[in-house]
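Single-structure report; data block below.
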Amino acid sequence: MHDASQTGSGYPTQAVGLPQLSVIIPTFKERDNVVTLFRRLEKTLLGIPFEAVFVDDNSPDGTWEVLRALSREDGRVRCIRRIGRRGLSGACIEGILASSAPCAAVIDADLQHDETQLPKMLTLLQGGEFDLVIGSRYIEGGSAESFNRQRAGASALATEVAKRVLRVEIADPMSGFFMIRRDRFEALAPQLSTQGFKILLDVVATAHGDLRVKEIPYTFGSRLHGESKLDSMVALDFLGLVLAKVTNDVVSLRFLMFAMVGSLGLVVHFAALYTALEIFRIPFAEAQACGAVCAMTSNFILNNFLTYRDQRLKGLAILRGLLLFYLVCSVGLFANVGVAFSVYDQQPIWWLAGAAGALMGVVWNYAMSGLFVWRKR
Ligand code: GDD
Ligand code: MN
């Protein structure tokens with residue numbers, strides 16, 4: 001039986017004033033919103049011991065500085081400042097894992113979510129009947145009044161895809177507002193994707209129907225200050241998540257994108273080779289080298305903007321990354337030719353040998369790029 005006043009280890013938490021609820025707030029450029037949000041949390045959670053864990057991705061507007069100051073005023077506030085990383089899902093996961101209460105809520109910093117629902121959500125979780133309570137826009141009583149038509153359409157489409165493809169049976173799997181029991185979350189955490197926006201969908205899909213879910217309606221309001229960080233690239237992240245979940249994490253979007261960029265590189269290579277040979281009349285060997293350099297450079301740029309946009313290299317790091325990428329790809333080419341050659345030796349089928357070589361090359365380049373070029377900091 002789940003007893004709200006007990007932690008898993010059986011210690012009464014209320015007695016020593018430990019938090020009953022951890023509120024996780026991911027932030028990126030929310031300087032003008034965070035204090036207002038905390039004041040509202042304080043008001044609505046009066047009498048409930050809670051902690052507020054902000055996770056800021058080193059916002060250039062200095063959100064984390066505002067939060068540091070706030071945490072010097074109020075011990076319930078903490079701010080995790082992440083450097084060199086971006087991503088809403090990853091921020092939420094780290095925030096929850098760094099918190100301590102038996103229940104954890106995720107809420108946006110811009111006041112679009114209705115924080116006054118939190119006490120009700122907590123009561124529902126503490127009742128022991130549910131593992132996850134979702135603030136839902138798409139059930140009776142809920143709405144998304146601030147959405148424009150385009151955003152509403154995209155949200156509805158993504159919800160449909162999630163329901164059909166991932167067999168998720170909740171009305172608003174795209175919601176960014178929910179509360180979950182920590183023990184359930186901790187169990188799922190290792191399988192969650194840190195890329196993208198859709199943490200709730202990931203949680204529900206990963207649990208395979210194993211969570212007892214309750215949805216409660218709320219109205220998705222308008223942002224207080226600043227602007228949304230969701231861009232059209234979020235659609236890619238969403239597809240990536242669906243793909244990873246459907247294939248049981250065998251195919252990652254990152255790899256697929258890396259391979260797609262690689263195929264495009266082939267086109268660049270031939271275009272450059274042709275131009276060098278036909279227009280500049282450069283000898284073949286030099287023209288071929290020129291094609292390879294052009295292809296590697298364009299691959300690097302595209303990967304930096306798309307495949308690894310959450311870890312995008314900037315400034316001088318771009319140059320260093322590019323040189324490392326050249327190195328990785330050159331070795332990859334040897335691996336490619338080596339494998340193709342040995343396959344051809346066994347079975348002289350040119351396309352089979354060629355494909356084996358190319359596969360070897362792309363797997364090598366992908367693995368090594370992840371290790372050396374866009375390595376996790
Ligand atoms: N740490 C961190 N890193 N926080 C981020 C990042 C990031 O890369 N990107 C966004 N955030 C924070 C924002 O500062 C904000 O507090 C919250 O995540 C939501 O971001 P918004 O940019 O305001 O997103 P939205 O309003 O367009 O969409 C939100 O609401 C939808 C409906 O509930 C998100 O929560 C969506 O996931 C959700 O579907
Ligand atoms: Mn928002």
Side-chain angles (χ1 to χ4, degrees), residues 23-38 40-41 52-64 66-67 78-96 98 105-115 117 134-139 142-148 150-159 161-162 170-179 193-204 215-235 237-238 241 309-312:
V23 184
I24 316 304
I25 309 112
T27 60
F28 191 69
K29 295 200 268 188
E30 305 286 1
R31 186 189 175 95
D32 298 329
N33 293 326
V34 286
V35 176
T36 314
L37 175 73
F38 182 69
R40 292 209 194 166
L41 287 176
V53 180
F54 290 85
V55 188
D56 186 63
D57 286 354
N58 202 23
S59 297
D61 71 351
T63 304
W64 56 273
V66 176
L67 289 166
R78 252 184 308 143
C79 173
I80 299 173
R81 177 185 172 198
R82 305 199 306 168
I83 293 178
R85 275 184 292 165
R86 273 299 304 277
L88 178 51
S89 288
C92 295
I93 295 170
E94 271 181 50
I96 298 178
V106 172
I107 189 168
D108 289 353
D110 55 6
L111 306 166
Q112 288 193 278
H113 294 156
D114 178 4
E115 80 288 343
Q117 302 295 327
I134 300 171
S136 178
R137 297 161 293 177
Y138 304 139
I139 55 172
S143 67
E145 59 180 25
S146 64
F147 270 1
N148 59 25
Q150 196 190 0
R151 179 84 195 259
S155 179
L157 181 68
T159 304
V161 171
I170 48 183
D172 192 1
M174 302 298 140
S175 175
F177 183 35
F178 60 92
M179 193 184 289
S193 157
T194 55
Q195 246 184 311
F197 263 68
K198 299 304 166 201
I199 169 121
L200 176 67
L201 174 63
D202 197 1
V203 164
V204 174
E215 286 187 85
I216 63 165
Y218 86 98
T219 299
F220 187 70
S222 306
R223 199 170 232 287
L224 184 63
H225 296 288
E227 53 191 39
S228 168
K229 281 93 206 172
L230 275 173
D231 55 16
S232 46
M233 288 299 174
V234 167
D237 284 330
F238 173 71
L241 180 62
R309 71 197 172 85
D310 55 327
Q311 284 163 247
R312 194 173 288 164

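Order of listing sets the numbers, starting from 1, for every ligand and every atom in it.
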One finds that the ligand 1 atoms under 4.0 Å from a non-hydrogen atom of Arg223 are 21 (P), 22 (O), 23 (O)
Locate the shortest heavy-atom distance separating Leu88 from Pro26; write the atom from each residue and the value. CD1-CG, 3.2 Å
Short list, please: which atoms of ligand 1 are under 4.0 Å from a heavy atom of Met174? 38 (C), 39 (O)
Least distance between heavy atoms, Arg309 atom then Asp237 atom: NH2-OD2, 2.6 Å
Residue portion contacting ligand 1 (non-hydrogen atoms closer than 4.0 Å) for Lys229: both
Return the closest protein heavy atom for atom 5 (C) of ligand 1 as residue, atom name and distance. Phe28 CB, 3.7 Å
Numbered in order shown, the ligand 1 atoms found under 4.0 Å of a heavy atom of Gly176 are 33 (O), 35 (O), 38 (C)
Proximal ligand 1 atoms for Thr27, defined as those under 4.0 Å from one of its heavy atoms: 1 (N), 2 (C), 4 (N), 14 (O)
For ligand 1, is any non-hydrogen atom under 4.0 Å from Arg82's backbone (N, CA, C, O), its side chain (CB onward), both, or neither? neither
To the nearest 0.1 Å, how far is atom 36 (C) of ligand 1 from its closest protein heavy atom, and which atom is that? Lys198 NZ, 3.9 Å
Is any side-chain heavy atom of Ile139 closer than 4.5 Å to one of Pro217? yes
Given that the side chain starts at C-beta and the backbone is N, CA, C, O, which of these parts of Phe220 lies under 4.0 Å from ligand 1, counting heavy atoms, or is it both or neither? side chain
Which one of Arg40, Arg223, Arg31, Lys229 satisfies the salt bridge (Lys or Arg N to Asp or Glu O under 4.0 Å) criterion with Asp110? Arg223
So which heavy atom in the protein is nearest atom 3 (N) of ligand 1, and how far is it from that ligand atom? Asp57 OD2, 2.7 Å
Residue that, paired with His225, satisfies side-chain contact (heavy atoms from CB on, under 4.5 Å) out of Leu111, Thr36, Val34, Asp32: Asp32
Judging by distance only, is a nitrogen or oxygen of Glu227 under 3.5 angstrom from one on ligand 1? no
Show the nearest heavy-atom pair for residues Phe28 and Asp57, with the distance to one decimal. CE1-O, 3.5 Å
Heavy-atom contact under 4.0 Å between Lys29 and ligand 1? no
Sub-4.0 Å heavy-atom approach of Arg85 to ligand 1: no
Could Arg78 and Phe54 be counted as a cation-pi pair, given that NZ or CZ must be under 6.0 Å from the ring centre and within 45° of the axis? no
Check whether Glu215 reaches the backbone of Ala171 with its side chain - one donor and one acceptor, N or O, closer than 3.5 Å. yes
For residues Asp56 and Ser59, is any side-chain donor paired with an opposing acceptor at under 3.5 Å? yes
Per-atom contacts of ligand 1 with Arg86, taking only distances under 4.0 Å to non-hydrogen atoms: 7 (C), 8 (O), 9 (N)
For Ala162 and Met174, which heavy atoms make the closest approach, and how far apart are they? CB-CE, 3.7 Å
Which part of Arg151 is near ligand 1, with near meaning a heavy atom under 4.0 Å away: side chain, backbone, both or neither? side chain
For Ser228, counting its heavy atoms only, list the atoms of ligand 1 lying under 4.0 Å from any of them. 22 (O), 24 (O), 25 (P), 27 (O)
Test of understanding: given a 4.0 Å heavy-atom threshold, classify the contact between Ala91 and ligand 1 as side chain, backbone, both, or neither. side chain
for atom 18 (O) of ligand 1, nearest protein heavy atom and its distance come out as Leu88 CD1, 3.2 Å
Minimum-distance protein heavy atom relative to atom 15 (C) of ligand 1: Glu30 OE2, 3.3 Å
Any sub-3.5 Å donor-acceptor pair from Thr159's side-chain atoms to Asp172's backbone N or O? no
of all protein heavy atoms, closest to atom 12 (C) of ligand 1 is Pro26 O, 3.4 Å
Option with minimal heavy-atom separation from atom 34 (C) of ligand 1, where the choices are Asp108, Ile199, Asp56, Asn33: Asp108
Donor-acceptor contact present, side-chain His113 to main-chain Asp108, <3.5 Å: yes
Under 2.8 Å from the Mn ion (ligand 2), can any N, O or S atom of Ser228 be found? no
Give the numbers and elements of all ligand 1 atoms closer than 4.0 Å to a heavy atom of Gln112. 23 (O), 26 (O)
Is there a polar contact, in the sense of an N or O pair closer than 3.5 Å, between Phe177 and ligand 1? no
Compare every heavy atom of Ser228 with every heavy atom of Arg151, then report the nearest pair and how far apart it is. NH1-OG, 4.2 Å
Would you check if there is a donor-acceptor pair between the side chains of Tyr138 and Ser175 at a distance under 3.5 Å? no
If the Mn ion (ligand 2) is the vertex, what is the angle to OE1 of Gln112 and OD2 of Asp110, rounded to 10 degrees? 90°
In short, Leu201 meets Phe238 closest at the heavy-atom pair CD2-CE1, 3.6 Å
Closer than 4.0 Å to some heavy atom of Arg137 - which atoms of ligand 1 meet that? 32 (C), 33 (O)
No-hydrogen, no-angle side-chain donor-acceptor test under 3.5 Å, Asp202 and Ser193: no
Per-residue contact class, Tyr218 against ligand 1 - non-hydrogen pairs under 4.0 Å: side chain
